[in-house]
Amino acid sequence: FYKYAIKKCKDNNKLIGFAVQDPKKINFLNHQKIDFYKILNEDINNEALIKKISKNKNALKIISTSNDTIDQIKKTIKLINQNSKTIISITDFNKKLNSKYLEKIKTYKKIFNLKIGYGNHSEIKGLSKVFKFKPELLLLYVKLDNKTRFPDSFHAISLNSLKKYL
C-alpha cells in the first residue's frame, strides 16, 4: 500500500508523508523519498523519534499540535533544528470544525516564524471553512476504499475520489 500510495501521489504531483511512531520505519520511508514526516501531537516529547526524523534533511517536518503548550512546540522546533523545513499543523479532533482551533492558525503565525497549516480530523464537508484562516498547508487523510475501517476513516477521503475534492 505504501509504495502504491507514494507512486500515485508522485505521479500526480502531490506531496505524500506519514506520521511515524516506530523509528524502525524511518529508513524504509527515507528510501521511498517521501515528502514529509508528521510528528503526532502525542509524540511531541519523543526526542529519540524526532532526532531520527530530523536526520532526513530533504523531507518537511510537520509538528501536529492540538492542546500542546507553546513551550512544548518550541522545544520540538529546536530539536528539529531546520526551520526552513518545519511546519506547525493545528489539529482539531472534533467531529465538526471548531473555530477555537482554527483561530490558532492566526495566533501561531504571530508567535512562530514558521509556516502554519491545518490537519483535518473533522467532517470533510465543512473543510471550506478552513480557507478563511489562510493555512499554508492543508493535510488531508486518504484511504484505499470505503469498506476498511481505520482510526482516520471518518475524515479520510477514498484515494480514488481524491481528485474530486482537490
Item to check | Atom pair CD/NZ of Q32 and K25 - distance to nearest 0.5 Å | outcome: 13.0 Å

Item to check | Student check: side-chain heavy atoms of Y108 and L114 closer than 4.5 Å | outcome: no

Item to check | CG-NZ distance between N12 and K7, expressed to the nearest 0.5 angstrom | outcome: 9.5 Å

Next on the checklist: Quick check: closest heavy atoms across S89 and G119, and the distance to 0.1 Å?
Outcome noted: OG-N, 3.1 Å

Item to check | I63 vs F112 side-chain heavy atoms within contact, under 4.5 Å | outcome: no

Checklist entry - Knowing that exactly one of I62, I53, T86 qualifies, which makes a side-chain contact (heavy atoms from CB on, under 4.5 Å) with I39? => result I53

Checklist entry - Given side chains that start at C-beta, do those of L97 and Y118 come closer than 4.5 Å, heavy atoms only? => result yes

Checklist entry - Is any side-chain heavy atom of L137 less than 4.5 Å from a side-chain heavy atom of K115? => result no

Next on the checklist: So, taking the atom named NZ in K75 and the one named OG1 in T69, what distance separates them when rounded to the nearest 0.5 Å?
Outcome noted: 10.0 Å

Next on the checklist: Donor-acceptor pair, distance only, cut-off 3.5 Å: does the side chain of K85 make one with the backbone of N58?
Outcome noted: yes

Item to check | Atom pair CG/CD of N46 and Q21 - distance to nearest 0.5 Å | outcome: 8.5 Å

Next on the checklist: Tell me the closest heavy-atom pair linking I105 and F133, and the distance in Å.
Outcome noted: CG2-O, 3.4 Å

Next on the checklist: Using only atom types and a distance under 3.5 Å, with no angle test, would you say the side chain of D22 pairs donor to acceptor with the backbone of K24?
Outcome noted: yes

Next on the checklist: Go through it in stages, so that I can follow the logic: the residues are E103 and K100, the test is side chain to side chain contact (heavy atoms under 4.5 Å, CB included), and I'd like the CA-CA distance, side-chain angles, deciding distance and then a yes or no.
Outcome noted: CA-CA 5 Å; E103 287 291 336; K100 174 182 122 181; 6.0 Å; no

Checklist entry - Under a 4.0 Å N-O cut-off, is there an ion pair linking D35 with K10? => result yes

Checklist outcome for this item: For I44 and I50, the nearest pair of non-hydrogen atoms, with its separation, is O-CD1, 3.4 Å

Checklist entry - Which atom names give the shortest non-hydrogen contact between F18 and L29, and what distance separates them? => result CD1-CD2, 3.7 Å

Checklist entry - Checking K61 side chain against N56 main chain: does a donor-acceptor pair fall under 3.5 Å? => result yes

Checklist entry - Crowded around D11 CG? As in, over 12 foreign heavy atoms under 6.0 Å? => result yes

Checklist entry - Once you round to the nearest 0.5 Å, how far does CZ of F36 lie from CG of L139? => result 5.0 Å

Checklist entry - Which of these, N67, T65, T91, sits in a side-chain hydrogen bond (donor to acceptor under 3.5 Å, both in side chains) with Y101? => result N67

Item to check | Path from L140 to Y2 over hydrophobic side-chain contacts below 4.5 Å | outcome: yes

Item to check | Least distance between heavy atoms, I34 atom then A59 atom | outcome: O-CB, 4.1 Å

Next on the checklist: Is there a path of hydrophobic side-chain contacts, each under 4.5 Å between heavy atoms of I/L/V/M/F/W/Y residues, joining I111 to I77?
Outcome noted: yes

Checklist entry - Can Y4 be reached from L15 by stepping across I, L, V, M, F, W or Y side chains whose heavy atoms are under 4.5 Å apart? => result no

Next on the checklist: Can a donor-acceptor pair be found, under 3.5 Å and without considering hydrogens, that links the side chain of Q82 to the backbone of S54?
Outcome noted: yes

Item to check | L79/E47 under side chain to side chain contact (heavy atoms under 4.5 Å, CB included): CA gap, chis, key distance, verdict | outcome: CA-CA 7 Å; L79 275 174; E47 289 186 26; 3.5 Å; yes

Checklist entry - Hey, are the side chains of L102 and I90 touching, using non-hydrogen atoms and a 4.5 Å cut-off? => result no

Item to check | Hydrophobic cluster membership, L138 vs L40, 4.5 Å side-chain cutoff | outcome: no

Item to check | Whether over 12 other heavy atoms sit under 6.0 Å from K57 NZ | outcome: yes

Next on the checklist: Using side-chain heavy atoms (C-beta onward) and a distance below 4.5 Å, is I16 in contact with K14?
Outcome noted: no

Checklist outcome for this item: dist I116:CD1 -> K110:NZ (nearest 0.5 Å) comes out at 12.5 Å

